[in-house]
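Heads up: the structure comes next, in structure tokens.
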Amino acid sequence: MKGTLYCVGVGPGDPELLTLKALKIIRTCPVLAVPQSRTGVVTAQGILMKALDGCGITIDDKTVIAMDFPMTRDDQVLKGAHEKAACRLMDELDEGRDVCLITLGCPTVYATSIYVHRLIRQAGYATEIVPGVPSFCAVAAELQQPLCEKDEALIVIPGNHKHRRDLLALDGSKVIMKPSGKLGPIQDELRDLQLLDKTAMIERCGLPGETVYEKAADAKDTGYFAVLLVK
């Protein structure tokens, strides 16, 4: 009998935001698959280890597989990395071992792990997604602001979306995710739309080095793990 792949969100950074269901799956799966960048930084595993330490759980008896998910926009490079990861995990599943593939935030929100999950599901294996707390929910909570109220719409925008300005001009609250690089163009668009003074930003929410900007106008260049909330 083949194993099951569990694609598990570990939340945005604070290990206390890991769900009970995620902990249950992680505890019972004999194989733990961890995404890592080419630099070897394993942010999701760091969150997980802190959470497990607080619960008295170890991974000493598990097979831990580090998967290379390169930080690039080259579709062919990404496709090759996803296929390689899927094949490696299917080897474990073919041996009847359940696999827990962890990912930052939630697997359903701009997560690289979903591409591996999709390939394995399409190959006919049993799969399950365990949702995690999305980064923008954690950011709103940290800022003590609602994301949306009453009939207000919520628009989630990738930082490099080609129609970002048009989306920002729509009615409702907006979330800008992963605006890695220079913030200047985003700040200029928000200023032109008279939204900059209504925008806050948190970088590395729940992670070491977290920085809170009550006014996004005060922020300079930012990294990958940043979220802007436009009210």
Side-chain angles (χ1 to χ4, degrees), residues 9-14 17 35 37 41 43-44 47 69-75 77-78 82 103-115 117-118 129 131-231:
V10 299
D14 183 347
L17 293 180
S37 67
V41 178
T43 307
I47 296 169
F69 288 165
M71 302 291 283
T72 178
R73 291 184 176 275
D74 187 316
D75 289 338
V77 172
L78 291 172
H82 300 157
T103 188
L104 280 171
C106 181
T108 64
V109 183
Y110 301 127
T112 301
S113 62
I114 203 66
Y115 301 108
H117 167 273
R118 182 179 296 144
I129 291 178
V133 176
S135 59
F136 54 83
C137 289
V139 165
E142 180 77 12
L143 294 169
Q144 300 192 51
Q145 295 183 16
L147 280 170
C148 40
E149 304 172 72
K150 297 182 179 178
D151 295 330
E152 191 174 36
L154 176 64
I155 303 168
V156 181
I157 308 169
N160 293 315
H161 198 286
K162 63 181 180 180
H163 298 303
R164 183 180 63 209
R165 183 188 176 92
D166 293 336
L167 293 171
L168 287 172
L170 297 174
D171 289 337
S173 292
K174 294 94 179 178
V175 166
I176 304 175
M177 295 185 64
K178 302 178 180 179
S180 56
K182 295 185 179 299
L183 277 175
I186 296 176
Q187 291 168 324
D188 289 344
E189 290 172 4
L190 291 167
R191 187 180 292 108
D192 291 345
L193 294 167
Q194 299 184 335
L195 293 171
L196 187 57
D197 61 344
K198 302 176 182 179
T199 303
M201 186 183 93
I202 296 184
E203 188 172 7
R204 298 182 62 82
C205 184
L207 294 167
E210 175 186 295
T211 306
V212 179
Y213 297 94
E214 296 287 346
K215 296 293 183 181
D218 297 332
K220 304 298 182 184
D221 293 352
T222 185
Y224 184 71
F225 296 119
V227 175
L228 289 87
L229 177 58
V230 186
K231 288 294 293 179

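We use all heavy atoms of the structure for the numbers below, so side chains are in, but hydrogens, waters and symmetry mates are not.
The minimum heavy-atom distance between Thr103 and Ala111, with the atom names listed, is OG1-CB, 3.9 Å. Here the closest heavy-atom approach between residue Tyr213 and residue Ala219 is recorded as CE2-CA, 3.7 Å. Listed here is the closest heavy atom pair of Gly132 and Cys106: O-CB, 3.2 Å. Taking each heavy atom of Ile155 and Asp171 in turn, the nearest pair found is CD1-O, 3.8 Å. Smallest separation of non-hydrogen atoms from Cys148 and Ala153: CB-O, 4.3 Å. Taking all atoms of both residues into account, the shortest heavy-atom contact from Ala138 to Pro12 is CB-CG, 3.4 Å.
In this structure the side chain of Pro158 reaches within 4.5 angstrom of the side chain of Tyr110, judged on heavy atoms. With a 4.5 Å cut-off on side-chain heavy atoms, Glu210 and Glu203 do not count as touching. Side-chain contact between Leu168 and Ile157 is present, with heavy atoms from C-beta onward closer than 4.5 Å.
In summary, Asp218 and Lys215 do not engage in a salt bridge, as defined by a charged side-chain N under 4.0 Å from a carboxylate O. Classification of Asp192 and Arg165 as a salt-bridged pair holds, one side-chain N sitting under 4.0 Å from a carboxylate O.
Environment of NZ in Lys198: sparse, with no more than 12 heavy atoms of neighbouring residues, nucleotides or ligands closer than 6.0 Å.
With sequence neighbours excluded, the residues satisfying ring pair (Phe, Tyr, Trp, His ring centres under 6.0 Å) with Tyr115 are His82. Applying the salt bridge (charged side-chain N to carboxylate O under 4.0 Å, His left out) criterion to Arg164, with sequence neighbours excluded, gives Glu189. Looking at residues two or more places apart in sequence or on another chain, you find no salt bridge (charged side-chain N to carboxylate O under 4.0 Å, His left out) involving Glu142.
For the 3.5 Å distance criterion, the side chains of Glu152 and Ser173 qualify, holding a donor opposite an acceptor.
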